[in-house]
Amino acid sequence: MIYVITGPTCTGKDAFAIELAKRLGGEIINADAFHVYKGLIIGTNKPKEEDFQGVKHHLFDFIELDDNYSIARYQKDARLIIEDLLDRNIPIIMLGGSGLYIKAALFDYRFKEEDKIDMAIYDAMDNKTLHESLKAIDHAAANNIHPNNRRRVMRAIQIFLAQGIRKSDIPILRNERPLYECMFFGIEFDRGDLYLRIVSRVTRMMNEGLIREVKQLSEKYGDNQQAFNAIGYKEIIEHLQGITSKEEALSNIISNTRHYAKRQITFFRHQFDMHWVKTVDDIIRIAHHGKTS
RNA sequence: GGCCCGGUAGCUCAGUUGGUAGAGCAACGGACUGAAAAUCCGUGUGUCGCCGGUUCAAUCCCGGCUUGGGCCA
């Protein structure tokens with residue numbers, strides 16, 4: 001059985017997952033796209049080893065900061081661990097707010113090996129021309145992707161060039177059940193309360209030395225790492241480059257976190273059969289009920 | 001006490017030479033298959049401060065009141 005502990009940022013998922021793991025004798029698989037990276041600590045609110053209380057964490061703090069992790073790699077890594085833990089009958093707690101990572105690991109998402117290709121000519125195109133180019137090779141995909149969504153348009157073209165298939169031909173299995181037996185839990189919060197928690201968390205991060213952490217990392221790795229897409233890092237880098245003041249950086253982090261939480265809520269609402277709970281007892285009760293009914 | 005400027009969306013403000021109004025931010029809703037803490041899309045009825053007057057018609061013009069700011073006493 002896989003217990004997925006997810007939901008928006010700043011709701012206290014980590015502590016819930018550790019308590020649940022202890023009570024079930026389970027192990028945790030990280031499903032947070034930025035907790036995989038080494039070195040991102042304060043800004044990602046990464047739980048500390050001493051808080052684990054002996055609970056084993058997988059896929060956590062193991063990728064070099066200048067490496068580029070992806071959902072395809074995560075799927076592969078996560079499934080290996082899932083299979084192993086299932087074989088050994090160990091309850092699995094999948095913990096994290098990265099909805100697409102969870103989706104890719106637990107559902108029938110398909111990724112093929114692909115070659116690196118040079119997208120330079122497409123990079124140079126404006127949004128409209130780029131979208132026209134996609135339309136020429138994959139009409140259906142173009143219809144589904146808004147021309148302004150440059151990243152997705154580009155990716156659809158890349159799929160065609162690197163895999164020789166159209167993006168729209170990849171089987172998308174909607175409303176399909178997960179590949180494993182699993183249940184999805186999130187911690188229930190009033191949205192206003194959540195927004196207040198975000199303000200105090202970000203303020204705390206600043207007091208704990210977020211600027212110092214980002215400064216050290218950017219000096220060591222440069223400013224252009226994929227890992228620095230994380231909220232809390234990109235805004236501080238802007239500040240260190242002199243683009244924004246410290247106060248602006250702080251308020252940018254707060255509003256970006258808020259927007260992110262909102263997007264997560266939308267994603268979970270539609271993608272997973274969520275159970276919103278207030279305590280770990282709720283999880284155990286619901287899971288038990290689900291098994292016996 | 002006198003003079004001047006303001007009161008329009010949750011916030012900051014546009015605007016209507018009189019025909020009941022719109023930007024940014026915020027908020028809310030949504031999409032999501034190799035960067036996902038990413039990327040993108042959609043949604044604006046608000047006593048236009050209050051009360052009167054003029055007018056076919058007032059958020060706009062006129063008078064009074066109220067309220068905030070500034071200047072002068």
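Just so we're clear, the structure is a prediction, and the values are computed from it rather than from any experiment. So you know, we letter chains A, B, ... as the sequences are listed, proteins then strands, and number each from 1.
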(message) Are there runs of at least three consecutive Watson-Crick or G-U pairs touching RNA chain B, with each pair's two distances under 3.5 angstrom? Give them by first number.
(response) B:1-7 with B:66-72, B:10-13 with B:22-25, B:27-31 with B:39-43, B:49-53 with B:61-65
(message) Taking side chain to side chain donor-acceptor pair (under 3.5 Å) as the definition, give me every residue that meets it alongside A:T9, ordered by chain and number, with sequence neighbours left out.
(response) A:R201
(message) Given 3.5 Å as the limit, does a donor-acceptor pair link the side chain of A:Y122 with the main chain of A:I157, or not?
(response) no
(request) Determine: side-chain N/O of A:K262 to OP1/OP2 of B:G29, distance under 4.0 Å, yes or no. (result) yes
(request) Name the closest nucleotide to the A:R269 side chain, picking from B:G30, B:A26, B:C32. (result) B:G30
(request) Take atom CG of A:N30 and atom P of B:A37, then tell me their distance rounded to the nearest Å. (result) 11 Å
(request) Find the distance between CD1 (A:I5) and CD (A:E19) and round it off to the nearest 0.5 Å. (result) 10.5 Å
(message) For a quick check of understanding: with a heavy-atom distance under 4.0 Å over all strands, which category does A:P171 fall into, base, sugar-phosphate or nothing?
(response) base
(request) Assign the ring pair A:F272 / A:F268 to parallel, tilted or perpendicular, where the plane angle (0 to 90°) is split at 30° and 60°. (result) parallel
(message) Once you apply a heavy-atom cut-off of 4.0 Å, does A:Q225 come out as touching a base, just sugar-phosphate, or nothing?
(response) nothing
(message) Does A:N229 reach a base, just sugar-phosphate, or nothing at all? Heavy atoms under 4.0 Å.
(response) base
(request) Could you note down all residue pairs passing salt bridge (charged side-chain N to carboxylate O under 4.0 Å, His left out) where residues 248-268 of chain A supplies at least one of them, sequence neighbours left out? (result) none
(request) Scan A:D32 against the nucleic acid and name what it touches under 4.0 Å (heavy atoms): base, sugar-phosphate only, or nothing. (result) base
(request) Keeping the roles fixed (side chain from A:S70, backbone from A:R73), state whether a donor-acceptor pair exists under 3.5 Å. (result) yes
(message) Would A:K103 and A:F107 count as a cation-pi pair here, with the cationic atom under 6.0 angstrom from the ring centre and within 45° of the axis?
(response) yes
(message) Strictly below 4.0 Å: does A:Q271 bring a side-chain N or O up to OP1 or OP2 of B:C32?
(response) yes
(message) Applying a 4.0 Å non-hydrogen cut-off, can you work out what A:F267 is touching in the nucleic acid: base, sugar-phosphate, or nothing?
(response) base
(message) Over all strands shown, is A:F228 touching base, sugar-phosphate only, or nothing at heavy-atom distances under 4.0 angstrom?
(response) nothing
(request) Establish, with yes or no, whether the OP1 or OP2 oxygen of B:G30 is under 4.0 angstrom from a side-chain nitrogen or oxygen of A:T266. (result) yes
(message) How many whole angstroms separate atom CZ of A:F268 from atom P of B:A31?
(response) 13 Å
(request) Give A:I71 one of three labels, base, sugar-phosphate or nothing, depending on what nucleic acid heavy atoms sit under 4.0 Å from its own. (result) sugar-phosphate
(request) For nucleotides B:G69 and B:C61, find the distance between their C1' atoms and express it as a whole number of Å. (result) 25 Å
(message) My understanding is that only residues two or more places apart in sequence, or in another chain, count here; which of them pass ring pair (Phe, Tyr, Trp, His ring centres under 6.0 Å) with A:Y69?
(response) A:F62
(request) Report the distance from atom OH of A:Y109 to atom P of B:C32, rounded to the nearest whole Å. (result) 8 Å
(message) Please give the remaining members of the hydrophobic cluster of A:I170, linking ILVMFWY side chains under 4.5 Å, ordered by chain and number.
(response) A:I159, A:I165
(message) As a quick check of understanding, evaluate ring pair (Phe, Tyr, Trp, His ring centres under 6.0 Å) for A:F52 and A:H57, giving each step before the final call.
(response) CA-CA 8 Å; A:F52 288 0; A:H57 281 56; 3.5 Å; yes
(request) Taking atom P in both B:C40 and B:A26, compute the distance separating them and give it to the nearest angstrom. (result) 14 Å
(request) Could you state the atom-to-atom distance from CG of A:N149 to C1' of B:A36 in whole Å? (result) 12 Å
(request) Map A:N144 and A:R150 onto RNA chain B by nearest heavy atom, then report which one ends up closer to the 5' terminus. (result) A:N144
(message) Need one value for A:R258: base, sugar-phosphate or nothing, where a base atom within 4.0 Å counts as base even if backbone is also close, heavy atoms only.
(response) sugar-phosphate
(request) Supply the atom-to-atom distance A:N68 CG to A:Y37 OH, rounded to the nearest 0.5 angstrom. (result) 6.0 Å
(request) For A:T44, answer base if it contacts any base atom (sugar-phosphate contacts may also be present), sugar-phosphate if it contacts only those atoms, and nothing otherwise; contact means non-hydrogen atoms under 4.0 Å. (result) base
(request) Report yes if at least one side-chain N or O of A:H270 is closer than 4.0 Å to OP1 or OP2 of B:C32; otherwise report no. (result) no
(request) Using the C1' atom as the reference point in each nucleotide, state the distance between B:G2 and B:U20 in Å, no decimals. (result) 36 Å
(request) Determine the Euclidean distance between corresponding P atoms of B:C28 and B:U16; express it in Å to zero decimal places. (result) 33 Å
(request) With RNA chain B as reference, determine whether A:R155 or A:G232 sits nearer its 5' end, using the nearest nucleotide of each. (result) A:R155
(message) Can you see if the side chain of A:T257 gets near the phosphate of B:A37 - specifically, an N or O under 4.0 Å from OP1 or OP2?
(response) no
(request) Determine whether the side chains of A:N45 and A:R204 contain a donor N or O and an acceptor N or O closer than 3.5 Å. (result) yes
(request) Pick the P atom in B:A37 and in B:G10, then give their distance to the nearest Å. (result) 33 Å
(message) Side-chain N or O of A:H259 versus OP1/OP2 of B:A37: is the shortest distance under 4.0 Å?
(response) no
(request) Could you check how far CD1 of A:I145 sits from C1' of B:U33, rounded to whole Å? (result) 11 Å
(message) From the set B:A26, B:A37, B:C41, return the single nucleotide nearest to any side-chain atom of A:F34.
(response) B:A37
(request) Among B:A35, B:A31, B:A37, find the nucleotide with the atom closest to the side chain of A:Q226. (result) B:A35
(request) Starting from P on B:C32, measure out to NE2 on A:H146 and report it in whole angstrom. (result) 15 Å
(message) Applying the salt bridge (Lys or Arg N to Asp or Glu O under 4.0 Å) criterion to A:D61, which one of A:K38, A:K46, A:K48 satisfies it?
(response) A:K46
(request) Determine the interatomic distance between P on B:U66 and the same-named atom on B:C51; round to the nearest Å. (result) 15 Å
(message) Taking B:A36 as the reference, what is the distance to B:U12 when you measure between their P atoms (whole Å, please)?
(response) 38 Å
(message) Nearest to the side chain of A:Y101, heavy atoms from C-beta on, is which of B:A37, B:A27, B:A36?
(response) B:A36
(message) I want to verify a distance call: between B:A27, B:A37, B:U33, whose nearest atom is closest to the A:A230 side chain?
(response) B:A37
(message) Quick check on B:C40: is either OP1 or OP2 less than 4.0 Å from any side-chain nitrogen or oxygen of A:N148?
(response) no
(message) Is it the case that over 12 heavy atoms from other parts of the model lie below 6.0 angstrom from the CD atom of A:E113?
(response) no
(request) Find the distance A:R73:CZ to B:A35:C1' and express it as a whole number of Å. (result) 12 Å
(message) Counting the atoms with a prime plus P, OP1 and OP2 as sugar-phosphate, which does A:F107 contact under 4.0 Å by heavy atoms, base, sugar-phosphate, or nothing?
(response) nothing
(request) Quickly work out the A:R263 CZ to B:A26 P distance and round it to whole Å. (result) 12 Å
(message) Taking 4.0 Å as the cut-off, does a side-chain nitrogen or oxygen of A:Y260 come that near to OP1 or OP2 on B:U39?
(response) no
(message) For a quick test of reading the model: is some side-chain N or O of A:R191 closer than 4.0 Å to OP1 or OP2 of B:A27?
(response) no
(request) Check RNA chain B against residues 156-167 of chain A and give the residues with a non-hydrogen atom under 4.0 Å, in numerical order. (result) A:I159, A:Q163, A:K167
(request) Classify the nucleic acid contact of A:A33 as base, sugar-phosphate or nothing, counting any heavy atom under 4.0 Å across all strands shown. (result) sugar-phosphate
(request) Could you measure between the two P atoms, the one in B:G18 and the one in B:C71, and give it in whole Å? (result) 34 Å
